[in-house]
Amino acid sequence: MSEPTSADNVLMDFDLLRKLIVGIGEVADISGVPQRQIRYWEDKGIIQSVKEGEGTTRKYDYLNIKKVLLVKDLLDDGYTLDAAARKVEERMKTINEVFARLSAQNSTP
DNA sequence: GTTCTCACA
DNA sequence: TGTGAGAA
């Protein structure tokens with residue numbers, strides 16, 4: 001009877017994204033970017049990794065994966081790491097606002 | 001399974 | 001800029 005509304009749908013996707021944290025291997029496989037390159041960008045400061053507990057294995061959250069995917073596309077378009085990083089950061093600003101908005105709704109009973 | 005450094009093109 | 005290999 002209760003049909004999923006667009007609002008409920010977006011919340012379901014958001015819940016999935018904020019829980020989607022995988023290692024560099026998964027990101028490299030899904031993003032198609034060699035693990036070497038992913039770490040390379042992270043070293044440049046284009047993207048950041050989240051450390052899990054004490055392990056040294058860096059995990060990448062949806063936002064980081066999005067950056068890798070975005071930077072890869074930008075680089076393929078003829079952009080350089082510096083140019084791609086700038087565009088990605090601007091895009092992250094928008095995504096961050098959406099995340100904060102969804103986070104508030106998800107945390108609001 | 002991941003991470004680090006060194007070196008090269 | 002991106003990758004190779006070895007080592008821990």
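Each chain gets a letter, A, B and so on, in the order the sequences are listed, and its residues count up from 1. Worth knowing before you read on, the calculation uses all heavy atoms, side chains too, and leaves out hydrogens, waters and symmetry mates.
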Atom pairs and distances, side-chain donor-acceptor, residues 27-39 of chain A, under 3.5 Å, sequence neighbours left out:
{"unit_1": "A:Ser31", "atom_1": "OG", "unit_2": "A:Val27", "atom_2": "O", "d": "2.5"}
{"unit_1": "A:Ser31", "atom_1": "OG", "unit_2": "A:Val33", "atom_2": "N", "d": "3.2"}

By the salt bridge (Lys or Arg N to Asp or Glu O under 4.0 Å) test, which pairs, at least two apart or in different chains, include something from residues 73-83 of chain A?
A:Asp82-A:Arg86
Audit row: A:Leu81, A:Leu75, side-chain contact (heavy atoms from CB on, under 4.5 Å) steps and yes/no:
CA-CA 7 Å; A:Leu81 274 180; A:Leu75 256 44; 4.0 Å; yes
Do A:Lys51 and A:Lys59 have side-chain heavy atoms sitting under 4.5 Å apart?
no
Close approaches to DNA chain C from residues 24-44 of chain A, in residue order (heavy atom, under 4.0 Å):
A:Pro34, A:Arg36, A:Gln37, A:Tyr40, A:Trp41
Is the positively charged end of A:Lys66 above the ring of A:Tyr62, judged by distance under 6.0 angstrom from the centroid and angle within 45° of the axis?
no
Among the nucleotides B:dT2, B:dC4, C:dG2, whichever has the atom closest to the side chain of A:Thr57 is B:dT2
Reckon A:Arg58 has a side-chain N or O less than 4.0 Å from the OP1 or OP2 of B:dT2?
no
